[in-house]
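All heavy atoms count here, side chains included; hydrogens, waters and symmetry mates do not.
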Amino acid sequence: MIKVSNVSHYYGKEQVLFDLSFEIKSGEFLFLSGESGSGKSTLLSILSTLLKPSKGELLIDDESVDKIKNIDYFRQSKIGFVFQFHYLINYLNIYENIALAALDDKKHNINEILKKLGILELSSRYPNEISGGQRQRVALARALVNEPKIIFADEPTGSLDSKNSIIVYELLAEALKGGTTVVVASHDMRIEEYATQIIRLKDGQIL
Amino acid sequence: MISLKALSKNPLKSLLIFSSITIAVMAIFLISSVSQGVIGMYSKMIKTDGDIIITQKGISDTFFSNVDIGLIQKIDNLEHVASSYGMIVGASPIGHIPIAGIYGTTANHFPHYKLTKGEYPKDGEVILGTNLAKQFATRSVNIGNKRFKISGIFSSGIGFEEGGVVMNIGDAGELFNRSASFILVSSTSPSKTDEIVKALSTLSSEIEVKTTQNFVKEYNQFKIIKNSSFVISTLAFAMGLMGIASVMSMIVNSRKEEFGIMRALGKSRLFIIKNLFFETLIMSTSAYIFALLISIGILEILPHIDMLQGYVNGTLSLSTAMYVLTSTIFMALLGSLIPAWIASKTDPILLINQGCA
Ligand SMILES: Nc1ncnc2c1ncn2[C@@H]1O[C@H](COP(=O)(O)OP(=O)(O)O)[C@@H](O)[C@H]1O
Ligand SMILES: [Mg+2]
């Protein structure tokens, strides 16, 4: 469903991705692995349309990302994100944070998802009133609310202990079962056992 | 509504924006009002009882003007003249007060100063303005090197006068060594004013005759006050507005991460700008109203502060208030929306990372 062809990226003059080409198929659990600084986040940002690559092209469902007419709607309806830091809006409570991301016709999903992730009773709390593990589950709920075709997660467990990390992996695996494509960038090798495909990066190149 | 939540959930930030806008707007109001007020008071004082003013030819300041008081008899005989009076305006230490206004006038002008106590002054006597009277419990007072008996207290509603003394023009003439600073003439009907001006001009070659309206317009002191107050209030205005714009843009920059997240969630640029627009509007309008109320309060109190002897007075005109309102909102929006618009064009992930840095 996503095709990357000859993508390179520069920050200023520094090249951090070198002519990458590969494909992500629907229903896959792709694990982008590599050491810190290898370019995982940059690549993930490009894959998820949050960063325009300096060179090369990204095709989603055979359409060039540059040609997508309403990129906002595209992001909201087709893509879910989970970042290392939860990135919840601090002045909105948990329910409102998820409602902010939800499409109008998906708002009825909110309570169901909160319940599934075991955080329904936190609905009216604010992000600074819950634990790190709970925040990451809220972020996941936010990513799932629109039933996206694909979920991107960048070090989703980077700030969590191992118990909470496992919970997040299990939830991602469950999303995969529900038909969502999952792409996770992480240096945590435990993800390997959930992955159906692995891309190893080193210094901006695929090993 | 999301804008209200953003404001109320970050009370410290909101308070910072609110108070800096409030202070900026207040500075604008107070500086421009006080200078407008001073001019207004002075013009009122001159305009109250005369349509025409006669001063010494070629003298730009009434403080230096010397006109022969003897002219009054000829003036009163002219056609269409209702009345005329002579006046000396000066300033001198009065008792322990370092400087206060002295108004020497012909007796026919005394009724302008409403007595609240005692009677109008005879030669060697003065009446004190209400504000000045608060400073004296004695029955007489030293002015210049002469001692005057206090015969009464008056009120006129004009700050300048209420902080000074009124005496007979003869006494003032001795103090300031002149006959009269100016003579004010009122006509029987406004349509005759120009005719009288012409007739008066022929009376003496040493006088300058103007309608009080023209006089106020052309008076150098007013021009200086007007120009300098214009410069000062424009500066205060500019500084206040720059402050508002820069506070707003600082706030917006500190929220780049939030905008990046919203963009990543698929929220449109318009959504972000729209919410920020309402936030800014709510913030700047409420700060403006708050500043307006405080300023009106301060302007209300100013004339009653003893230390100022009623000299500092301020009037806030509707047009100034409206002008400041529109520019405040405009600058606040400019300061917030431009950086927000630029930010919203950046790749979301870069915004998020910039926000962290
Ligand atoms: N916004 C940025 N500006 C400049 N350099 C960056 C930026 N983001 C990442 N880099 C650099 O790009 C390289 C790859 O970073 P990144 O994609 O974050 O790798 P990873 O996620 O694997 O740690 C690193 O050398 C990093 O310093
Ligand atoms: Mg990274």
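- Neither the backbone nor the side chain of Phe74(A) has a heavy atom closer than 4.5 Å to any heavy atom of chain B.
- For Leu100(A), the parts sitting under 4.5 Å from any heavy atom of chain B are the backbone and the side chain alike.
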Start with the C-alpha gap between Phe277(B) and Leu337(B), add the side-chain angles, then the distance that decides, and say whether side chain to side chain contact (heavy atoms under 4.5 Å, CB included) holds.
CA-CA 7 Å; Phe277(B) 176 85; Leu337(B) 297 187; 3.8 Å; yes
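- Checked against a 6.0 Å centroid threshold, the rings of Phe81(A) and Tyr87(A) do not count as neighbours.
- For Phe152(A), no part lies under 4.5 angstrom from a heavy atom of chain B.
- Under a cutoff of 6.0 Å and an axis angle of 45°, Lys267(B) and Phe271(B) form a cation-pi pair.
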Given the rule in the salt bridge (Lys or Arg N to Asp or Glu O under 4.0 Å) test, do Lys115(A) and Glu121(A) qualify, once you have shown the distances and angles that lead to the verdict?
CA-CA 8 Å; Lys115(A) 200 169 161 192; Glu121(A) 71 281 4; over 6 Å; no
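- The part of Ile89(A) that comes within reach of chain B is its side chain, from C-beta onward, which places non-hydrogen atoms under 4.5 angstrom from that chain.
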